[in-house]
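First, the structure itself, so that you have it in front of you.
In the text below, chain A, chain B and the rest are named by the order of the sequence lines, each starting its count at 1.
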There are 2 protein chains.
Amino acid sequence: MAERTAQRVTSADVARVAGVSRATVSYVLNDTPGQTISPTTRTRVLDAAARLGYAPSAAARALRTGRSDVVLCLLPDWPIGPEVGSMLGNLSTALARHGFTFVVHPGNREDRPISEIWKAITPAAVIAFADFSPGEITAMRAAGVALVVALLGRGPQDRRELEMPQQLIGRRQAGHLIAAGHRKIGYAWPDDERVRIFAEPRLAGVRAECRESRVGGPASETVALDAEQATIAVRRWHAAGVTAVCAYNDEVALAVLAGVRLLGIDGPAVIGVDDIPAARLAVPALTTVTTDQAAVAAYLSATVVAAINEHPAPTLPAEALVHVIKRESA
Amino acid sequence: MAERTAQRVTSADVARVAGVSRATVSYVLNDTPGQTISPTTRTRVLDAAARLGYAPSAAARALRTGRSDVVLCLLPDWPIGPEVGSMLGNLSTALARHGFTFVVHPGNREDRPISEIWKAITPAAVIAFADFSPGEITAMRAAGVALVVALLGRGPQDRRELEMPQQLIGRRQAGHLIAAGHRKIGYAWPDDERVRIFAEPRLAGVRAECRESRVGGPASETVALDAEQATIAVRRWHAAGVTAVCAYNDEVALAVLAGVRLLGIDGPAVIGVDDIPAARLAVPALTTVTTDQAAVAAYLSATVVAAINEHPAPTLPAEALVHVIKRESA
DNA sequence: CTGTTAGCGCGTTCAG
DNA sequence: CTGAACGCGCTAACAG
């Protein structure tokens with residue numbers, strides 16, 4: 001009995017079974033424009049491929065075409081929550097519809113230079129949350145990466161596709177509080193340097209909204225995720241006459257609420273970001289702001305696809321992107 | 001002025017600059033055993049490679065060797081929290097130390113057959129949370145994927161590396177409550193079919209611990225993430241004489257606490273899983289159980305590396321893996 | 001020892 | 001619709 005060495009099925013196998021050349025197999029399977037293949041042959045090839053379970057080697061294709069259908073996303077090393085998680089899931093779905101395979105690299109950037117990563121993947125595009133260095137961008141371009149997107153960051157030379165949505169979050173928070181009659185706003189800044197990249201545009205949004213409404217600009221206090229420590233910030237706001245606080249996210253908001261409770265005062269109104277499950281279970285139930293992650297994902301997907309095909313970039317449907325969920329805390 | 005077409009640097013370029021053959025370049029760069037290269041030549045090659053910024057084409061290498069250094073992790077479509085996120089980060093770090101590139105695919109399995117994904121990546125190993133079908137496993141093996149691991153699942157033929165830690169979580173929860181004197185335990189089951197794969201082994205752990213301690217086995221109630229709805233379960237437990245509840249995770253635990261608060265009763269003790277930030281901020285502060293994600297990641301990494309090198313698999317240091325964080329709720 | 005030549009792996013694509 | 005070459009790195013066989 002022969003050994004059942006499970007060999008990879010190649011286009012040569014398909015060609016042999018179908019009784020045609022490898023070139024023909026390629027033309028049929030790719031629907032190559034400008035090549036006319038008789039229906040009979042086409043069927044034979046398709047049948048053979050199906051019967052053999054043929055799967056083209058991604059490596060060979062990437063080698064030949066110089067580009068893969070993989071879109072790589074580099075995650076920063078801060079803890080990602082379910083919100084980002086669901087956005088990535090949506091993005092994956094959206095890109096899949098355009099024939100791209102979406103993968104995420106969760107490693108700390110310090111582990112190994114990011115060049116190691118895209119070298120191992122040969123992606124069509126790279127998406128990152130933080131900035132790239134100019135050298136990195138050059139190197140990637142040279143290696144055939146079609147598109148490099150930095151979602152957030154400071155470099156003026158970069159595209160920052162997520163900057164707007166983040167600012168919008170701050171604006172909506174402040175707008176909600178101001179509409180409720182508050183005239184002195186506080187900002188609860190996260191006690192984690194790593195999320196600064198998100199916190200900055202959010203605070204900028206709050207600031208802009210306050211300025212435009214001529215409301216006492218945000219009094220920013222750093223708030224750790226600890227009731228005891230949060231009391232310090234709460235006391236300061238209290239002394240400064242702040243009546244409402246925009247928090248970086250729901251967790252920080254919960255910390256503020258915990259601080260208020262600990263002090264036993266009739267604290268400031270609080271509004272969070274994300275609508276984590278714990279938000280609606282808190283006392284008082286937390287008013288918060290959510291982003292339509294599916295819409296963001298669709299926008300990012302469209303951006304990537306457009307750039308790879310050298311089409312103009314789509315515009316962000318900014319208005320409908322962020323919603324306030326009104327509960328008891330503000 | 002010539003066009004500055006940023007061409008990819010290939011080993012041929014390095015060979016030309018160094019004045020040697022491509023084979024020599026390969027030998028030097030890979031430290032090929034059994035080949036002795038003079039220090040002079042070696043330096044010349046290394047220098048040239050460095051100067052040109054040479055990066056071997058992963059595609060070509062994968063094509064030639066039939067294997068890439070990528071380890072692919074397929075995520076299920078349930079929301080992943082920071083805990084899993086940090087585990088993936090640790091796993092990435094650990095695998096990087098062994099020369100592997102770790103990527104995660106966050107897409108829903110319904111989007112496209114998973115075969116599309118590993119075909120596009122040609123990974124050395126695939127890790128998934130749920131089971132693979134036998135057909136999938138065969139296909140992957142045939143395509144050269146060295147290792148296929150299902151972390152959780154039911155197929156007896158699969159490796160289930162994470163089942164133990166999950167059961168351990170349940171055991172620790174129940175053990176803590178029993179040690180505190182409780183004699184009738186409840187279980188708060190999540191209202192999300194997708195996490196069943198985690199919930200089942202955890203509940204099994206609780207059940208086992210109860211049985212061994214001859215304690216009133218877990219009275220399981222489904223608890224939605226809503227205070228109002230949680231009261232139903234709390235009432236039932238109350239009527240049944242349950243004095244302490246193990247929750248599927250911290251969020252479910254918070255829902256139980258919210259239900260208790262709403263009823264205004266002197267509710268059961270509650271213990272969660274994960275230690276999310278909101279746990280310590282709750283009233284009462286939530287007692288919970290955490291898993292040492294770094295240890296799990298190290299173990300998984302070792303498993304993957306061992307399997308790829310066809311070494312025996314390591315054993316899981318089960319004992320030190322799960323810790324109780326005692327707060328006020330239990 | 002030191003290094004070279006040659007051919008493979010597999011899908012794509014141009015000239016026939 | 002086919003033959004043949006190509007993209008790039010690896011490695012067996014071989015010459016100095």
Strictly under 3.5 Å: I want the nitrogen or oxygen pairs between protein and nucleotides 14-16 of chain C, one per line.
from	atom 1	to	atom 2	distance (Å)
C:dC14	N4	A:Tyr27	OH	2.5

Check: Atom CZ of B:Arg22 and atom C1' of D:dC8: how far apart are they, to the nearest Å?
Finding: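 Answer to the nearest Å: 6 Å.
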
Item checked: Donor-acceptor pair, side chain of B:Thr303 and main chain of B:Tyr299, under 3.5 angstrom ->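 A pair under 3.5 Å: yes.
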
Note to self: Restricting to salt bridge (Lys or Arg N to Asp or Glu O under 4.0 Å), what partner residues turn up for A:Arg42, sequence neighbours left out?
What the structure shows: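 By the salt bridge (Lys or Arg N to Asp or Glu O under 4.0 Å) rule, A:Arg42 matches A:Asp31.
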
Item checked: Heavy-atom side-chain contact between B:Leu74 and B:Phe129 under 4.5 Å ->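 No. Closest side-chain heavy atoms not under 4.5 Å.
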
Checklist line | Rounded distance in Å - CG (B:Leu63) to C1' (C:dG7) | finding: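 So the CG-C1' distance, B:Leu63 to C:dG7, works out to 13 Å.
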
Next item on the list: Go through C:dT12, C:dC1, C:dG9 for me and flag the one nearest to the A:Ser26 side chain.
Entry: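 Out of C:dT12, C:dC1, C:dG9, the nucleotide with an atom closest to A:Ser26's side chain is C:dT12.
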
Note to self: What is the distance, to the nearest angstrom, from the CG atom on B:Leu29 to the P atom on C:dG3?
What the structure shows: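 In whole Å, C:dG3 P and B:Leu29 CG are 14 Å from each other.
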
Item checked: Candidates D:dT2, D:dG7, D:dC10 - which lies nearest the side chain of A:Arg64 ->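 Of D:dT2, D:dG7, D:dC10, D:dG7 is nearest to the side chain of A:Arg64.
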
Next item on the list: Have a look at B:Val20 and say if it touches a base, only the backbone sugar-phosphate, or nothing, with a 4.0 Å heavy-atom cut-off.
Entry: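 B:Val20: backbone/sugar contact only, no base atoms under 4.0 Å.
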
Item checked: Distance, rounded to the nearest Å, where B:Asp31 contributes CG and D:dG9 contributes P ->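 Interatomic distance, CG of B:Asp31 to P of D:dG9: 17 Å.
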
Checklist line | Test salt bridge (Lys or Arg N to Asp or Glu O under 4.0 Å) applied to A:Asp69 - qualifying residues, sequence neighbours left out | finding: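 By the salt bridge (Lys or Arg N to Asp or Glu O under 4.0 Å) rule, A:Asp69 matches no residue at all.
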
Next item on the list: Return yes if some donor-acceptor pair links the side-chain N/O of B:His105 with the main-chain N/O of A:Phe102 below 3.5 Å, else return no.
Entry: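 Side chain of B:His105 to backbone of A:Phe102, a donor-acceptor pair under 3.5 Å: yes, one is there.
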
Check: Where the side chain of B:Arg44 meets the backbone of B:Ala18, is there a donor-acceptor pair that is under 3.5 Å apart?
Finding: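 Indeed, once roles are kept as given, a pair shorter than 3.5 Å links the two residues.
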
Next item on the list: Using a cut-off of strictly less than 4.0 Å, decide whether B:Ser21 has a side-chain nitrogen or oxygen near OP1 or OP2 of C:dT4.
Entry: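 True: B:Ser21 side-chain N/O within range (under 4.0 Å) of C:dT4 OP1/OP2.
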
Item checked: N/O (side chain, B:Thr41) to phosphate O (OP1/OP2, C:dT2) under 4.0 Å ->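 So the side-chain polar atoms of B:Thr41 never come under 4.0 Å of the phosphate oxygens OP1 or OP2 of C:dT2.
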
Item checked: Within-4.5 Å side-chain heavy-atom neighbours: A:Phe100 and A:Val304 ->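 The answer is no; the side chains never approach within 4.5 Å.
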
Margin query: As a test of reading the structure: which of C:dG11, D:dG9, C:dT4 is closest to the side chain of B:Thr24, going by heavy atoms?
Written below: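 So the nucleotide nearest the side chain must be C:dT4.
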
Note to self: With a 3.5 Å distance limit and no angle check, can you tell me whether A:Ser68 reaches the backbone of A:Val70 through a side-chain donor-acceptor pair?
What the structure shows: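 Indeed, once roles are kept as given, a pair shorter than 3.5 Å links the two residues.
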
Notebook entry, point to check: At under 4.0 Å between heavy atoms, what does A:Thr32 touch on the DNA or RNA strands: base, sugar-phosphate, or nothing?
Noted result: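 The answer is nothing, as A:Thr32 stays clear of every strand by at least 4.0 Å.
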
Next item on the list: Only counting residues at least two apart or in another chain, list the ones meeting salt bridge (Lys or Arg N to Asp or Glu O under 4.0 Å) with A:Arg194.
Entry: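 Listed in chain order: A:Asp192.
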
Note to self: Over the length of the helix from C:dC1-D:dG16 to C:dG16-D:dC1, how much do the five-pair end axes diverge, rounded to 10 degrees?
What the structure shows: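 Nearest ten degrees gives 50° for this helix.
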
Check: In chain order, what residues pass the salt bridge (Lys or Arg N to Asp or Glu O under 4.0 Å) check against B:Arg97, with sequence neighbours excluded?
Finding: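 B:Arg97 satisfies salt bridge (Lys or Arg N to Asp or Glu O under 4.0 Å) with no other residue.
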
Note to self: Which is more 5' along DNA chain D, the nucleotide nearest B:Asn30 or the one nearest A:Ile37? Just name the residue.
What the structure shows: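 By nearest-heavy-atom nucleotide position, the 5'-most residue is A:Ile37.
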
Check: Can a side chain N or O of B:Thr36 be found less than 4.0 Å away from OP1 or OP2 on C:dT2?
Finding: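 Checking B:Thr36 against C:dT2: at least one side-chain N or O falls below 4.0 Å of OP1 or OP2.
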
Notebook entry, point to check: Picking from D:dT2, C:dG3, C:dT12, which would you name as closest to the side chain of A:Arg61?
Noted result: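 For the A:Arg61 side chain, the nearest candidate turns out to be C:dT12.
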
Checklist line | Along DNA chain C (nearest heavy atom to each residue), the more 5'-positioned of B:Arg42 and A:Ser11 | finding: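 Looking at DNA chain C, the more 5' nearest nucleotide goes with B:Arg42.
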
